[in-house]
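Take a look at the structure set out below.
A quick note: this is a predicted structure, and the numbers were derived from the prediction, not measured. The sequence lines fix the lettering, A, B, ..., with proteins before strands; numbering per chain opens at 1.
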2 protein chains.
Amino acid sequence: MTPGSNSTVTDGQLIQPLCAIFRRFIKRQGLKFTPERALILSAVLGKDGIFEAEELLYEMRQAGHRVSKATIYRTLKHLVDARIISEVLIDADRTRYQLSFGRTPKGHLVCVESGKIVEFEDPALTELRDAICQKYGYEPLSFQFTVYGRSPQARQAESIIDDR
Amino acid sequence: MTPGSNSTVTDGQLIQPLCAIFRRFIKRQGLKFTPERALILSAVLGKDGIFEAEELLYEMRQAGHRVSKATIYRTLKHLVDARIISEVLIDADRTRYQLSFGRTPKGHLVCVESGKIVEFEDPALTELRDAICQKYGYEPLSFQFTVYGRSPQARQAESIIDDR
DNA sequence: CTTGCTGCAAAAGTTTTGCACACGT
DNA sequence: ACGTGTGCAAAACTTTTGCAGCAAG
């Protein structure tokens, strides 16, 4: 139950419909809707932003659920297929994920010094995605826009050290 | 429509200046400009588009140069630091690279079925990068825009199989 | 000479897979 | 019952690192 862990009230409203959507998606492929899959989906919905596989595993175990790393990875793959979450590629270290169902796709602004990630929305992103796809005759599915820069704090910190 | 402005012939003209730039960059850090580093830079300049570390290693060995995987990775890192090449993150499988020095930054259109990657230019990309950075007070460094879709060929192939 | 560089092999880290058993449908 | 799913541990991969000898400045 973990009281007080529900920081994202709005996401809570998504649990019911998304469970149904995921279950339908799974069944449509002749696969099975298991407790583990439901549990992982619910853990994903509890995340408010970008998350990682290992992080999900850790938090689920903290919450007393015993799931294996393998099942996490296998289920995340299905959730991506179902277009409920999407991969977020910020660096080559590991894959990150983000809830994407029913949300405007976001761009990401990354500080190369601190690694801090800021999400932002801009209608131009989806417009650009569609324009490019139309130009090449592609069916648009998703996009990823990541901007790398130096945050104000990092610039200030650097200017103190910097003496070249 | 685009003439051979991105061909390897044009890149040939970049070898001299880029060697100088890289050497200066390396020396500025108190590091050493070695034959291996020059060789790797030259192999990179021979690539016409996106490439991978392993691919570079294979081709250099084919060409009769003996370089280690470790040195390839170490040098690619320096080339990224020097802003001569940039990382291209298409999927989580591996890191790809691309010559970026003196070039308009590109976006990538990826077919999710075939994995084919099309590069494209659009001034809106850099404009968007700068607009976002300005909004948050960041110093813009680079960006990555990847659009995932289904190519006309893939859509056609799928429609033949598809009979749900 | 001093300091960094290279190749090799081993290590590290993330993601995948083989297997035996358990469980949805 | 049948066919998937799960957990575990091992495997697979890409990328990094420790080390001993080598080379650039």
Query raised in the report: Within the distance-only criterion (no hydrogens, no angle test), does the side chain of A:Tyr138 pair as donor or acceptor with the backbone N or O of B:Tyr148 below 3.5 angstrom?
Result: no

Query raised in the report: So, the side chain of A:Ser100 versus the backbone of A:Ile84: is there a donor-acceptor pair under 3.5 Å, distance only?
Result: yes

Query - For atom CD of B:Glu55 and atom C1' of D:dT14, their distance in whole Å - result: 15 Å

Query raised in the report: CD1 of B:Ile72 versus C1' of C:dC8: gap in Å, rounded?
Result: 15 Å

Query raised in the report: Would you say a side-chain N or O of A:Ser68 is under 4.0 Å from OP1 or OP2 of D:dT6?
Result: no

Requested in this report: Starting from P on C:dT14, measure out to CG on A:Leu89 and report it in whole angstrom.
Outcome: 16 Å

Query raised in the report: Starting at CZ of A:Arg37 and ending at C1' of C:dA22, how long is that distance when rounded to a whole Å?
Result: 14 Å

Query raised in the report: What is the per-nucleotide protein-contact pattern of nucleotides 15-25 of chain D, from the 5' end, where B denotes a base atom under 4.0 Å from a protein heavy atom, S denotes such proximity for sugar-phosphate atoms only, and - denotes neither?
Result: BBBB----BBS

Query raised in the report: Within the side chain of B:Arg83, is there an N or O that forms a donor-acceptor pair under 3.5 Å with the backbone of B:Leu141?
Result: yes

Query raised in the report: Do A:Cys133 and B:Leu109 have side-chain heavy atoms sitting under 4.5 Å apart?
Result: yes

Report task. Verify, without hydrogens or angle tests, whether B:Arg61 (side chain) and B:Val67 (backbone) share a donor-acceptor contact under 3.5 angstrom. Result -> yes

Query raised in the report: Do A:Lys47 and A:Glu59 sit within salt-bridge range, that is, some charged N less than 4.0 Å from a carboxylate O?
Result: yes

Report task. Using atom CG of B:Leu76 as one end and atom P of C:dT6 as the other, report the distance to the nearest whole Å. Result -> 12 Å

